[in-house]
A.B. asks: 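This structure is in structure tokens; I'll ask about it shortly.
Note on naming: letters A, B, ... go to the chains in the order of the sequence lines (proteins, then strands), and numbering restarts at 1 for each one. Small disclaimer: the values here were computed from a predicted structure and weren't measured.
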Amino acid sequence: MFPPINEQMDIIRRGVSEIIPEEDLVRKLEQSQRTNTPLIIKLGCDPSRPDLHLGHSVVLRKLRQFQDLGHTAVLIVGDFTGMIGDPSGKSKTRPALTLEETRRNGESYFQQATKILDPVKTKIVYNSEWLGTMTFADVIRLASKYTVARMLERDDFTLRYKAGEPISIHEFLYPLAQAMDSVAIKADVELGGTDQKFNLLVGRDIQREFGLEPQVALMMPILTGTDGVEKMSKSLDNYIGITDPPNEMYGKTLSIPDSLIYTYFELATDVPLERLKEIKESLNSGAVNPRDLKRELARTLVAMYYSPQEALKAEAEFDKIFVEKSTPTDIEEFKLERENDTVTIVTLLTQTKLASSKSEARRLIEQGGVSIDGERITDVNAPLPTKPVFIVKVGKRRFLKIVCTTN
RNA sequence: GGGCAGGUAGCGAAGCGGUCAAACGCAUCAGACUGUAAAUCUGACGGCUUAUGCCUUCGGAGGUUCGAAUCCUUCCCUGCCCA
């Protein structure tokens with residue numbers, strides 16, 4: 001039923017940063033094969049940010065590989081933890097969500113995740129199921145199993161503590177709550193980014209405390225965002241969303257620095273190992289223009305999440321707008337009522353939300369960022385064209401088709 | 001409970017009675033350039049019927065002053081040290 005261990009390990013090892021401990025994983029695989037029982041592979045997801053991007057896809061794709069090998073994927077929606085609001089890391093006060101909100105986000109997460117995962121083989125559970133029924137006494141008992149010193153070992157805590165930044169008591173409970181998830185589902189393997197190392201390891205300790213065999217921690221590298229510096233995240237706006245429309249996905253991919261091309265191929269796509277090697281070589285030797293590889297990457301990604309046809313379309317559209325400097329095929333329309341013609345360019349820009357304020361609208365015009373039907377507007381007070389339909393362009397890539405209606 | 005240091009625009013951080021819509025850096029936006037939505041360079045970066053004009057901002061509320069981000073009172077929040 002299961003492929004040979006070596007084969008499984010080859011697939012599992014691709015792209016991973018660390019497996020702790022690897023021997024345990026091999027042993028678990030052997031046992032699973034012997035007893036013909038799939039392993040339980042756990043992945044926790046944060047329902048406060050339901051928009052998935054390529055960064056999430058790195059781990060999700062690993063989970064998919066486990067599914068394809070015949071193992072069971074369990075997605076844990078942190079609806080309970082989301083209700084409290086985790087203030088860890090950079091976002092200091094994460095808004096506490098209601099149970100309905102976290103459920104809804106969980107749904108949305110699942111829908112997006114199944115663009116990568118096999119929906120039939122994915123089990124989805126909500127951690128309020130077991131965390132919500134714990135009593136205060138249970139929590140204290142759980143907390144007694146870990147020490148402050150060990151908690152402070154966590155890199156994130158150490159740094160914040162040294163920097164004199166606040167750490168709330170309940171943040172200490174998060175790793176423990178996450179560990180309880182592993183206990184509840186009897187996880188054999190937990191996936192996560194390298195930033196999850198500490199939490200994954202706490203899971204091992206707590207499982208042991210509950211008389212379970214500790215899980216294997218499998219960590220994937222953190223994907224760098226399109227800025228080439230920070231990790232990909234929505235709040236830094238350096239992400240490529242897996243639900244981004246094809247054109248967007250294509251364009252964003254082309255904007256990554258050349259140094260990231262290989263990493264993206266390795267972590268975010270399915271290109272076979274041989275091709276991966278070729279790509280690395282051609283990048284190192286300079287035999288191929290990086291642009292061509294980047295375009296291939298962009299096409300590959302769009303093809304993965306949409307279709308090869310969409311990928312070609314996105315590429316054509318990109319060339320049309322940025323290389324030929326022409327206008328896109330489909331432009332959003334805005335219906336403009338102009339009866340007594342009090343609409344100026346400035347008010348038009350604010351009305352259409354192309355500018356957030358009139359001052360900004362003026363600024364854009366003064367800096368030459370606004371054009372109508374391809375003609376740059378330089379005068380703030382220039383009259384609007386009298387035509388019934390015209391195209392307004394702001395910056396490099398925001399277009400709007402204005403359709404005038406006269407009542 | 002006591003002592004000390006802080007809370008400034010999206011973030012970080014200057015300013016410590018008028019010349020402050022508030023230096024500087026990052027982020028953002030625009031322009032030039034480019035294979036690119038990259039890099040680099042240039043500029044902008046609270047709002048308003050563009051105005052050497054007005055309005056709203058420096059944790060909250062009061063107060064002193066002709067005038068307060070800057071001084072005082074009080075409250076809230078954060079860190080450190082002592083208990």
A.B. asks: Across all strands shown, which nucleotide pairs with B/G67 by Watson-Crick or G-U wobble geometry, both distances under 3.5 Å?
C.D. replies: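 In the structure as shown, B/G67 has no Watson-Crick or wobble partner.
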
A.B. asks: Could you measure between the two C1' atoms, the one in B/A37 and the one in B/G46, and give it in whole Å?
C.D. replies: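 To the nearest whole Å, 27 Å.
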
A.B. asks: If I take atom CG in residue A/Leu260 and atom P in nucleotide B/A38, what distance separates them, rounded to the nearest angstrom?
C.D. replies: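 Value for this atom pair: 14 Å.
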
A.B. asks: Parallel, tilted or perpendicular: which describes the rings of A/His170 and A/Tyr174, with under 30° parallel and over 60° perpendicular?
C.D. replies: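 The rings of A/His170 and A/Tyr174 stand perpendicular, inter-plane angle above 60°.
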
A.B. asks: On the nucleotide B/A30, are OP1 or OP2 found under 4.0 Å from the side-chain N or O atoms that A/Lys396 carries?
C.D. replies: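 For A/Lys396, the contact criterion (side-chain N or O under 4.0 Å from OP1 or OP2 of B/A30) is not met.
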
A.B. asks: Could you tell me how far apart A/Arg160 (CZ) and B/U78 (P) are, to the nearest whole angstrom?
C.D. replies: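 Whole-Å distance recorded here is 13 Å.
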
A.B. asks: With a non-hydrogen cut-off below 4.0 angstrom, is A/Glu248 in contact with a base, only sugar-phosphate, or nothing?
C.D. replies: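 The residue A/Glu248 makes base contact.
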
A.B. asks: Rounded to the nearest angstrom, tell me the gap between atom CD in A/Glu230 and atom P in B/G10.
C.D. replies: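 In whole Å, B/G10 P and A/Glu230 CD are 20 Å from each other.
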
A.B. asks: So A/His56 and A/Tyr109, would you call those rings parallel, tilted or perpendicular, with 30° and 60° as cut-offs?
C.D. replies: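 Correct class here is perpendicular.
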
A.B. asks: Pick base, sugar-phosphate or nothing for A/Tyr161, based on heavy-atom distances below 4.0 Å to the nucleic acid.
C.D. replies: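 Here A/Tyr161 touches the backbone only, sparing every base.
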
A.B. asks: Once you round it to whole Å, what is the distance between C1' of B/U78 and NZ of A/Lys162?
C.D. replies: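 Rounded to whole Å, this separation is 21 Å.
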
A.B. asks: Say we look at B/G60 and B/G12: how far apart would their C1' atoms be, to the nearest angstrom?
C.D. replies: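 Straight-line distance between the two C1' atoms is 23 Å.
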
A.B. asks: Which sits closer to the 5' end of RNA chain B, A/Pro290 or A/Arg398, going by the nucleotide each is nearest to?
C.D. replies: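 Between the two, 5'-proximity favours A/Arg398.
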
A.B. asks: Distance check needed: B/A30 C1' versus A/Leu349 CG, whole Å only.
C.D. replies: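 That distance rounds to 13 Å.
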
A.B. asks: What is the distance from CZ of A/Arg291 to P of B/U36, rounded to the nearest Å?
C.D. replies: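 Interatomic distance, CZ of A/Arg291 to P of B/U36: 9 Å.
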
A.B. asks: Write down the partner of B/C80 under the Watson-Crick or G-U wobble criteria, each distance required to be under 3.5 Å.
C.D. replies: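 Checking every strand shown, B/C80 finds its partner in B/G3, with both distances under 3.5 Å.
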
A.B. asks: Look through every strand shown and name the nucleotide pairing with B/U52 as Watson-Crick or G-U wobble, where both distances are under 3.5 Å.
C.D. replies: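 Its partner: none found.
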
A.B. asks: Looking at RNA chain B, which of residues 360-372 of chain A put a heavy atom within less than 4.0 Å of it?
C.D. replies: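 Going residue by residue through residues 360-372 of chain A, the ones with a heavy atom under 4.0 Å of RNA chain B turn out to be A/Arg362, A/Arg363, A/Leu364, A/Gln367, A/Gly368, A/Gly369.
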
A.B. asks: For atom P, what is the distance between B/U78 and B/A83, given to the nearest Å?
C.D. replies: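 Those two atoms are separated by 23 Å.
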
A.B. asks: Under a 3.5 Å cut-off for both distances, is B/A38 Watson-Crick or wobble paired, and to whom?
C.D. replies: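 Result: none.
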
A.B. asks: Which nucleotide, if any, forms a Watson-Crick or G-U wobble pair with B/G43, using both distances under 3.5 Å?
C.D. replies: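 Pairing partner: B/C29.
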
A.B. asks: Distance check: side-chain N/O of A/Ser255 vs OP1/OP2 of B/U36, anything under 4.0 Å?
C.D. replies: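 It does not, given that no N or O in the side chain of A/Ser255 lies less than 4.0 Å from OP1 or OP2 of B/U36.
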
A.B. asks: Taking B/A69 as the reference, what is the distance to B/G6 when you measure between their C1' atoms (whole Å, please)?
C.D. replies: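 Each nucleotide's C1' atom is 15 Å from the other's.
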
A.B. asks: Expressed in angstrom and rounded to an integer, what is the separation of A/Phe318 atom CZ from B/G35 atom P?
C.D. replies: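 Going from CZ in A/Phe318 over to P in B/G35 covers 12 Å.
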
A.B. asks: Report yes or no: is the cationic atom of A/Lys353 (NZ for Lys, CZ for Arg) under 6.0 Å from the centre of the six-membered ring of A/Phe334, at an angle within 45° of the ring normal?
C.D. replies: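 The answer is no, since A/Lys353 fails at least one limit relative to A/Phe334.
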
A.B. asks: Looking at the side chain of A/Ser357, which of B/U36, B/A30, B/G47 is the nearest nucleotide?
C.D. replies: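 Side chain of A/Ser357 sits closest to B/G47.
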
A.B. asks: Both distances below 3.5 Å, Watson-Crick or wobble geometry, any strand: find the nucleotide opposite B/A23.
C.D. replies: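 Check on B/A23: unpaired, no WC or wobble geometry under 3.5 Å.
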
A.B. asks: For this output row, return yes or no: ring centroids of A/Tyr161 and A/Phe157 closer than 6.0 angstrom.
C.D. replies: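 They do not qualify: ring centres at least 6.0 Å apart.
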
A.B. asks: Check the pair A/Ile345 / A/Ile365 against side chain to side chain contact (heavy atoms under 4.5 Å, CB included), numbers first and verdict last.
C.D. replies: CA-CA 9 Å; A/Ile345 292 178; A/Ile365 295 166; 3.6 Å; yes

A.B. asks: For the pair A/Lys277 and A/Glu274, find out whether any cationic side-chain nitrogen is under 4.0 Å from an anionic carboxylate oxygen.
C.D. replies: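 Answer for the salt bridge query: no.
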
A.B. asks: Does the A/Thr226 side chain pair with the main chain of A/Asn238, one donor and one acceptor, at a distance under 3.5 Å?
C.D. replies: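 Here the side-chain-to-backbone pair exists.
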
A.B. asks: Which residue in the set A/Val216, A/Leu29, A/Val189 passes side-chain contact (heavy atoms from CB on, under 4.5 Å) when paired with A/Asp24?
C.D. replies: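 Of the listed options, the one satisfying the test is A/Val216.
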
A.B. asks: Measuring only the C1' atom in each nucleotide, how far is B/G17 from B/C66? A whole number of Å is fine.
C.D. replies: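 The answer is 12 Å between these two C1' atoms.
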
A.B. asks: On RNA chain B, check which nucleotide each of A/Val323 and A/Thr350 is closest to and give me the residue with the more 5' one.
C.D. replies: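 Checking each residue's closest nucleotide, the 5'-ward one belongs to A/Val323.
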
A.B. asks: For B/C16, give its Watson-Crick or G-U wobble partner with both distances under 3.5 Å, or none.
C.D. replies: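 Here B/C16 is not engaged in any pair, so there is no nucleotide opposite it.
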
A.B. asks: Looking only at atom P, what distance separates B/C26 and B/A51, rounded to whole Å?
C.D. replies: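 B/C26 and B/A51 have their P atoms separated by 34 Å.
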
A.B. asks: Do the numbers put A/Lys280 on top of the ring of A/Phe265, so that NZ or CZ is under 6.0 Å from the six-membered ring centre and no more than 45° off the axis?
C.D. replies: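 No, a cation-pi geometry is absent between A/Lys280 and A/Phe265.
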
A.B. asks: Distance between the C1' atoms of B/C4 and B/U56, in whole angstroms?
C.D. replies: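 Pairwise C1' distance, B/C4 against B/U56, rounds to 35 Å.
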
A.B. asks: Would you mind classifying the nucleic acid contact of A/Asp258 as base, sugar-phosphate or nothing, using non-hydrogen atoms under 4.0 angstrom?
C.D. replies: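 It contacts base atoms.
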
A.B. asks: Please classify the nucleic acid contact of A/Lys325 as base, sugar-phosphate, or nothing, using heavy-atom distances under 4.0 Å.
C.D. replies: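 Contact class for A/Lys325: base.
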
A.B. asks: Determine the contact category for A/Asn247: base if any of its heavy atoms lies under 4.0 Å from a base atom, sugar-phosphate if only primed atoms, P, OP1 or OP2 are that close, otherwise nothing.
C.D. replies: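 Counting heavy atoms under 4.0 Å across all strands, the contact made by A/Asn247 includes a base.
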
A.B. asks: Can you spot which of A/Lys294, A/Lys320, A/Arg295 makes a salt bridge (Lys or Arg N to Asp or Glu O under 4.0 Å) with A/Glu315?
C.D. replies: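 Among A/Lys294, A/Lys320, A/Arg295, the one meeting salt bridge (Lys or Arg N to Asp or Glu O under 4.0 Å) with A/Glu315 is A/Arg295.
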
A.B. asks: Among B/U49, B/G35, B/G31, which nucleotide has an atom closest to any side-chain atom of A/Arg376?
C.D. replies: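 Side chain of A/Arg376 sits closest to B/G31.
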
A.B. asks: Measure the distance from NZ on A/Lys294 to P on B/A39 and round it to the nearest whole Å.
C.D. replies: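 Rounded to whole Å, this separation is 10 Å.
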
A.B. asks: Roughly how many Å apart are B/C41 and B/U34, using the C1' atom of each and rounding to a whole number?
C.D. replies: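 Roughly 13 Å separates the two C1' atoms.
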
